[in-house]
Amino acid sequence: MTPADATAYDDACHLALKARDARFDGNFFTGVTSTGIYCRPVCRVRTPKRENCRFFAHAALAEQAGFRPCLRCRPELAPASAGRGGATGDKAWSMQDASAILAHQAARLMDAACGAATQPLGVAALAQRLGVSDRHLRRIFEAQLGVSPLRYLQTRRLLCAKQLLTDTRLAAAQVARMSGFASVRRFNAVFAQQYGLNPTQLRRTGSAAPGSDQPSGIDIKLSYRPPYDARAMLAFFAKRQIDGTENVFLSPKRPAFAKTLHLHSGGQSLRGWVFAVFDEPNCRVGLTVSESLTEVLAQVMASVRTLLDLDADPIAINSVLHAHFPQSDGLRLPGALDGFELAVRAVLGQQITVAAARTLRQRLVAQFGESLQTPVAGLSRCFPTPQVLAATSGDELGQLGIVKQRQSALTALAHAVASGTLQLHPGANPAHTRAALLALPGIGDWTAQYISMRALHWPDAFVAGDVALQTALGVRHHPNPAQAARAAASAWQPWRSYAVIRAWASLPAVTTPVD
């Protein structure tokens, strides 16, 4: 970046800061030299003078420069930026920039691993997972993001800990372990050195009372950038709802979503629920997590962010798609809390009606899902785990009305996920995952692309063979409609997944896809 470009960038950031424009939240942070504090663009304090501002692409850069996070706007609440591996910006997803892809994928994997109850993901393990050497990963990461992987990971752990300390009443030892620190002593030392505070000083004396319809649990705040069409997102889930495992509340004042979860972590099997309420005036989601999921709280938070697509950058996406879908700027890409569950639902939804697919999913949950007591209306069962379905015979599936081709696909899918040979989460490699899915019996391109789009949350997946999509694009009667759909969608790269959602939304409800 030339000096003139850098000045123009800083001027633009200062304008966004003065306007407190939530569309730029998380895309940059402002370090104020007169206070030594760094803030989000939405911070409500008095706007600092331009000459006192320094602008950083992500929090780790601000902390490396010696700034401490603001206790008022709380940078840990900001949506992820392109610099943190989110689905934002052309460069992050450009197939031409291998260095950027590697750095952003590494950042994304560190984001996902931060706070997991298992052994923290170190740089050596990360490099091995990405298929490069430690030295190469460090060199590329620092060249692309301006900080070392260790510095980036430390900032992520500290900000994760800061949010848990501020929003919850978890013990400091729990927070230290959940945010990835090897010991409480190390956690206290790093926290004091970096922020000049004892961790317990962030404890709040009280918190806002939950709504009358909100269950008791661990309360967390999650932010997003506007515009966001919360009702469209929840309507998408409501249409595909499996009674007992999830419930959508389409209240005009408090739109909300609740779901059960069954997670495996550190040899433990953990079951619980989440309840997410949209606070649209503040561009925020209030998340309540059952206390049974305390040990995987950070993992659950990250999964909910993916489910609701809270880290998307509408400015980057709409710059490509607005001309084609002018009424859909607030639509997001629905993700999945459980990639295996999403894949099973996709397999069951192949080539049958919406009603028939819901019937099959309900039967599967009733027969093989575990019961769960919850305080949330409509939540009483968990979706079957890969281990359970892998041990299920074809005859048992056939008794539910599932045809033989689907039986084989479900069994093979469950075995692949249970054994660990197939990874269905946002950090997985999309090309490798699609190839692995296509190698399973009964899974074709539509299913593989759809799983990539939602379970992997890949922004450029494209279900070219989808009949509803072809209808929306007006190519249904073309001699080769899939090829015509790909040609029509070439202008939408790298956001074709978002374009698919917008194309589906433009159709009458009776023609939209099953799952």
Side-chain angles (χ1 to χ4, degrees), residues 239-240 242 245 262 334-369 382-426 428-458 461-470 480-483 485-486 497 500 504 512-515:
K239 183 177 180 181
R240 296 153 176 82
I242 302 177
T245 70
H262 192 161
L337 284 181
D338 183 330
F340 172 71
E341 175 182 337
L342 186 281
V344 170
R345 293 165 69 128
V347 169
L348 290 177
Q350 293 177 120
Q351 299 177 341
I352 59 175
T353 66
V354 174
R358 290 191 66 172
T359 298
L360 291 179
R361 294 195 294 262
Q362 292 289 167
R363 291 174 182 172
L364 191 73
V365 169
Q367 182 68 26
F368 300 110
C382 290
F383 195 86
T385 65
Q387 292 76 15
V388 168
L389 290 187
T392 302
S393 68
D395 288 342
E396 290 175 295
L397 293 175
Q399 291 172 5
L400 303 181
I402 301 173
V403 299
K404 285 189 177 294
Q405 185 180 19
R406 304 287 179 269
Q407 294 170 20
S408 300
L410 292 178
T411 302
L413 177 67
H415 276 291
V417 174
S419 66
T421 57
L422 178 62
Q423 302 289 324
L424 298 176
H425 57 75
N429 182 289
H432 294 170
T433 302
R434 286 197 299 272
L437 286 166
L438 291 171
L440 299 178
I443 294 183
D445 184 69
W446 184 95
T447 307
Q449 291 284 348
Y450 186 78
I451 293 171
S452 296
M453 184 170 74
R454 292 196 56 197
L456 274 60
H457 215 248
W458 181 244
F462 192 65
V463 286
D466 184 76
V467 173
L469 176 65
Q470 293 169 2
N480 189 333
Q483 184 179 28
R486 291 190 188 93
S497 293
V500 169
W504 283 343
T512 52
V514 174
D515 206 328

Is the backbone of [Y] close enough, under 3.5 Å, to the side chain of [X] for a donor and an acceptor to pair up by distance?
| X | Y | value |
| --- | --- | --- |
| R361 | I242 | no |
| Q362 | T359 | no |
| R434 | Q449 | no |
| R345 | R240 | yes |

Can you name the nearest heavy-atom pair linking [X] to [Y], along with the distance?
| X | Y | answer |
| --- | --- | --- |
| L342 | A336 | CB-CB, 3.8 Å |
| G369 | P384 | N-CG, 3.8 Å |
| A485 | A464 | CB-O, 4.0 Å |
| V347 | A409 | CG1-CB, 3.9 Å |

Just so I know, are the side chains of [X] and [Y] near enough to count as touching, which here means a heavy-atom distance under 4.5 Å?
| X | Y | value |
| --- | --- | --- |
| W446 | V467 | no |
| F383 | L337 | no |
| L456 | T433 | yes |
| T447 | L437 | no |

Rounded to the nearest 0.5 Å, how far apart are [atom1] of [X] and [atom2] of [Y]?
| X | Y | atom1 | atom2 | answer |
| --- | --- | --- | --- | --- |
| L440 | L410 | CG | CG | 10.5 Å |
| R358 | R363 | CZ | CZ | 14.0 Å |
| R454 | S497 | CZ | OG | 11.0 Å |
| R406 | T411 | CZ | OG1 | 13.0 Å |
| N429 | S452 | CG | OG | 9.5 Å |

May I have all residue pairs that pass side-chain hydrogen bond (donor to acceptor under 3.5 Å, both in side chains) and include part of residues 392-402, sequence neighbours excluded?
S393-E396
So, using side-chain contact (heavy atoms from CB on, under 4.5 Å) as the criterion, who are the partners of H262 when residues are at least two apart?
H264, S269, R271, E370, C382, T385
By side-chain contact (heavy atoms from CB on, under 4.5 Å), A414 pairs with (sequence neighbours left out) F340, L389, A390
Test log, rule side chain to side chain contact (heavy atoms under 4.5 Å, CB included), inputs D466 and V500:
CA-CA 10 Å; D466 184 76; V500 169; over 6 Å; no
